[in-house]
Amino acid sequence: MGRQGFGALVSDEQWARFLRAGATRRFAPGERIVRQGERGDAVYMLAEGTVKVSMVRADGAEALLALRGPGEALGELSALSGLARTATVAASGGPCLTRVLSGPQFRLLVKSMALEGALWEHVVLRQSESDSLRAEMAALPAGQRLAALLLRLASLLGADTVHGGSGGRGTVLRFGLTQQELGDSIGLSRTSVAAEFARLRSMGVISTGRQYIAVRDVDRLHKVAVGEE
């Protein structure tokens, strides 16, 4: 798996400089890294592991916004703006290893390496991702929404495999998310997610187990996502 997010927009040496400058901080599965509403300018460079990003909505319910993997800069918006954290970030599916920078350290490194453009590109890409998800939730039926979500997770976190005699391209996703959390992230009830998982299993597109989803045929899942199956 390559670097994601901000880390994907910088060179290996630039990323290494961020890691060398930060203090090591490990987080156990489920442990919160940043909390929504808190003030703080520390930036956590995610070196290993997966995190889930969530937000408490106005009605008090917690909604999953995204999963992120190695390469992400966590808390960078607060470091830039001075505003309170807009979301909660927690280790998911296993422990996480981060390098922690103070806001001034992070900003100085960005400036010294002339990475202002890369940082703002990262911010714009995240906003575009959010806009696309909202449009998807408004327009697509349940089956397509879930298939599209699984494809996004596969591209970010999947470990490639080959399934079956046909040699179809597959991937395995391992994360500590419930069906309720997956449904919340795309505007579906747990019941709807369970029904769509059952349909995908019956089609032979996926198989599931404790804290993993095996996508047995990525190409066929793509067809489901675009409404061709």
Side-chain angles (χ1 to χ4, degrees), residues 1-5 8 49-55 57 61-72 87 89-94 122 124-229:
M1 184 195 309
R3 290 194 302 273
Q4 299 176 22
T50 302
V51 300
K52 65 178 181 180
V53 184
S54 60
M55 175 184 288
R57 301 186 305 228
E62 185 174 10
L64 177 71
L65 300 180
L67 286 178
R68 306 290 187 211
E72 292 290 348
V89 181
S92 177
H122 164 65
V124 170
L125 287 172
R126 286 288 173 253
Q127 183 60 51
S128 177
E129 179 184 276
S130 296
D131 292 344
S132 296
L133 180 58
R134 282 194 293 270
E136 181 181 287
M137 288 171 60
L140 296 181
Q144 287 180 245
R145 270 188 259 172
L146 181 60
L149 172 62
L150 294 178
L151 286 172
R152 285 194 297 272
L153 295 178
S155 68
L156 291 172
L157 308 171
D160 290 344
T161 62
V162 175
H163 286 286
S166 64
R169 185 167 60 96
T171 189
V172 176
L173 301 169
R174 297 185 184 277
F175 45 70
L177 295 179
T178 66
Q179 290 186 356
Q180 183 67 60
E181 288 175 309
L182 291 174
D184 286 345
S185 72
I186 51 176
L188 297 178
S189 67
R190 182 185 180 282
T191 300
S192 295
V193 172
E196 293 302 330
F197 268 131
R199 185 171 74 93
L200 291 172
R201 284 194 296 267
S202 71
M203 294 167 63
V205 175
I206 68 169
S207 58
T208 58
R210 184 175 176 79
Q211 293 195 338
Y212 83 85
I213 300 170
V215 180
R216 304 182 64 83
D217 191 331
V218 173
D219 294 333
R220 194 170 178 202
L221 183 63
H222 177 75
K223 290 182 179 180
V224 175
V226 299
E228 294 181 0
E229 284 206 33

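In this structure, CZ on Phe197 lies 11.0 Å from OG on Ser207, to the nearest 0.5 angstrom. Atom CG in Asp217 sits 8.0 Å away from atom NZ in Lys223 (nearest 0.5 Å). Here the straight-line distance linking atom CD1 of Ile206 with atom CG of Leu146 works out to 7.0 Å at 0.5 Å rounding. Ser185 contributes atom OG, which lies 13.5 Å from atom CE of Met55 (distance to the nearest 0.5 angstrom). Note that the OG atom of Ser92 and the CG atom of Leu67 stand 5.5 Å from one another [nearest 0.5 Å].
Annotation: salt bridge (charged side-chain N to carboxylate O under 4.0 Å, His left out) contacts involving residues 181-193, sequence neighbours excluded, comprise Lys52-Glu181.
Within the 4.5 Å cutoff, the side chain of Arg216 has no heavy atoms near those of the Arg201 side chain. In this structure, Leu150 and Glu196 have side chains that are not in contact, with every pair of non-hydrogen atoms separated by 4.5 Å or more. Side-chain contact between Leu153 and Ile213 is absent, with no heavy atoms from C-beta onward closer than 4.5 Å. The side-chain heavy atoms of Val224 and Met203, taken from C-beta on, include a pair separated by under 4.5 Å.
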- Query: Under the side chain to side chain contact (heavy atoms under 4.5 Å, CB included) criterion, do Arg152 and Ile186 qualify, and how do the steps go?
  - Reply: CA-CA 12 Å; Arg152 285 194 297 272; Ile186 51 176; 4.0 Å; yes

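Taking each heavy atom of Gly49 and Pro70 in turn, the nearest pair found is O-CD, 3.3 Å. Summarising the geometry of Val226 relative to Gln144, their closest heavy-atom pair is C-NE2, 3.6 Å, with the distance given to 0.1 Å. Taking both residues in full, the closest heavy atoms of Gly69 and Glu72 are given as O-CG, 3.2 Å, listed atom of the first, atom of the second, then distance. The two residues Gly5 and Arg126 have their closest heavy-atom pair at CA-NH2, 3.5 Å. In terms of heavy atoms, Ala148 sits closest to Ala225 at N-CB, 3.9 Å.
A donor-acceptor pair under 3.5 Å links the side-chain atoms of Arg145 to the main chain of Gly187, judged by distance alone. The closest donor-acceptor contact from the side chain of Arg68 to the backbone of Val51 lies at 3.5 Å or more, if one exists at all.
Remark: Arg220 pairs with Glu229 by the side-chain hydrogen bond (donor to acceptor under 3.5 Å, both in side chains) rule, at least two apart or across chains.
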